[in-house]
> 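After the structure tokens below, expect a handful of questions from me.
Note that the structure is predicted; figures quoted are calculated from it, not measured. Any value given below was found using the heavy atoms of this structure, including those in side chains, with hydrogens, waters and symmetry copies removed.
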Amino acid sequence: MGLLDILLGRTRPVVADLDRLFALPSAAVTLEAAAGFTPTGQGAVCFATVEGAAFEQTHREVQALLDADTDRDGPPVRLRQDDYGYSWLVSHRAPGQLHALVTDLHAVNSQMEVNGFGPQLLCSLAGFRDGAGRRLALVYLYKRGTFYPFAPLPGEARRRDNALELQVRAALADELRIEEDLGRWFPVWGAPGL
């Protein structure tokens, strides 16, 4: 970044650091101790919908890569589209296999990046629940290199448990790089994997 960039207020975008996903298992231990949330074994990678043969080839490569894991039951990755037109590659693991789930998410992100779909990547998430059935996702913003908690309240109304989100932020501040701008804590309503 040059002097002219500083004077004009221009900044370079943060480079995604997919290795930050590997901090999730240790953060999950802290999350369980602080708030009683445990992993569900579900996670997903969200990206702007892509059409064409190149993406189909990438999806087949991801599928083949994750199919090679003999410890997995059922399909490794499902492709789903949400109500907003975004695509999600969803992975399911046993709740005690958060390390394997994170490896899946990292592999999906990496494969998409290698095949030129990095600009379409939006976020990755891992799902958690507590004993009362409350849901929580730890969301990794690909373009920011940061995490934030998303806690939807049960019911038809689309409302968030803001107090829980702030509690989780405080609990995980030393474990994960938390997104400081609360305006970027986007709701991921109906996200598969949550």
> Would you check if Pro187 and Arg160 make a side-chain contact, meaning some heavy-atom pair closer than 4.5 Å?
yes
> Run the salt bridge (Lys or Arg N to Asp or Glu O under 4.0 Å) test against Arg184 and tell me which residues pass, sequence neighbours left out.
Asp181
> Just so I know, are the side chains of Tyr142 and Val45 near enough to count as touching, which here means a heavy-atom distance under 4.5 Å?
no
> Test Val168 against Leu138 for side-chain contact (heavy atoms from CB on, under 4.5 Å), laying out the working first.
CA-CA 9 Å; Val168 169; Leu138 292 178; 4.1 Å; yes
> Where is the tightest heavy-atom contact between Cys123 and Trp88, given as atom of each residue plus distance?
SG-CH2, 4.2 Å
> Rounded to the nearest 0.5 Å, how far apart are OG of Ser87 and CG of Leu122?
9.5 Å
> Please determine whether the number of non-hydrogen atoms from other residues, nucleotides or ligands lying under 6.0 Å from atom CG of Asp19 exceeds 12.
yes
> Does a side-chain heavy-atom distance below 4.5 Å link Ser91 with Val108?
no
> For the pair Gln120 (side chain) and Ala48 (backbone), establish whether a donor and an acceptor sit closer than 3.5 Å, ignoring hydrogens and angles.
no
> Are the side chain of Asn115 and the backbone of Phe117 linked by a donor-acceptor contact shorter than 3.5 Å?
no
> Leu18 and Val114: same hydrophobic cluster, using ILVMFWY side-chain contacts below 4.5 Å?
no
> Please report the closest heavy-atom contact between Leu105 and Ala44, naming both atoms and the distance.
CD2-N, 3.5 Å
> Once you round to the nearest 0.5 Å, how far does CZ of Arg80 lie from SG of Cys46?
11.5 Å
> Once rounded to the nearest 0.5 Å, what's the spacing between atom CG of Leu141 and atom CZ of Phe186?
6.5 Å
> Please name all residues satisfying side-chain contact (heavy atoms from CB on, under 4.5 Å) with Leu153, sequence neighbours left out, ordered by chain then number.
Arg159, Asp161
> Looking only at heavy atoms, what is the nearest atom pair of Arg135 and Pro152, with distance?
NH2-CG, 3.5 Å
> Rounded at 0.5 Å granularity, tell me how far CG in Asp104 sits from CG in Asn109.
11.0 Å
> Among Phe150, Tyr84, Tyr86, whose ring-ring contact (aromatic ring centres under 6.0 Å, His included) with Trp189 holds?
Phe150
> Could you tell me the separation between the CD atom of Glu113 and the NE2 atom of His106, rounded to the nearest 0.5 Å?
8.5 Å
> If hydrophobic clusters are built by linking Ile, Leu, Val, Met, Phe, Trp and Tyr wherever their side-chain heavy atoms come under 4.5 Å apart, do Leu164 and Leu182 end up in the same one?
yes
> Flag the pair Gln42 / Leu125 as yes when at least one side-chain heavy-atom distance between them is below 4.5 Å, and no otherwise.
no
> Nearest 0.5 Å, please: how far is CZ in Phe147 from CD in Glu179?
12.0 Å
> At their closest point, which heavy atom of Ala27 faces which heavy atom of Glu175, and how far apart are they?
N-OE1, 3.7 Å
> With hydrophobic residues grouped by side-chain heavy-atom distances under 4.5 Å, do Leu101 and Val29 end up in a single group?
no
> Of all the heavy-atom pairs spanning Arg169 and Pro149, show the shortest one and how long it is.
N-CG, 4.2 Å
> For Pro95, enumerate each residue passing the side-chain contact (heavy atoms from CB on, under 4.5 Å) test, keeping only those at least two apart in sequence or located in another chain.
none
> Closest heavy-atom contact between Leu24 and Ala126?
CD1-CB, 4.2 Å
> Answer whether the closest heavy-atom distance between the side chains of Leu176 and Arg20 falls below 4.5 Å.
no
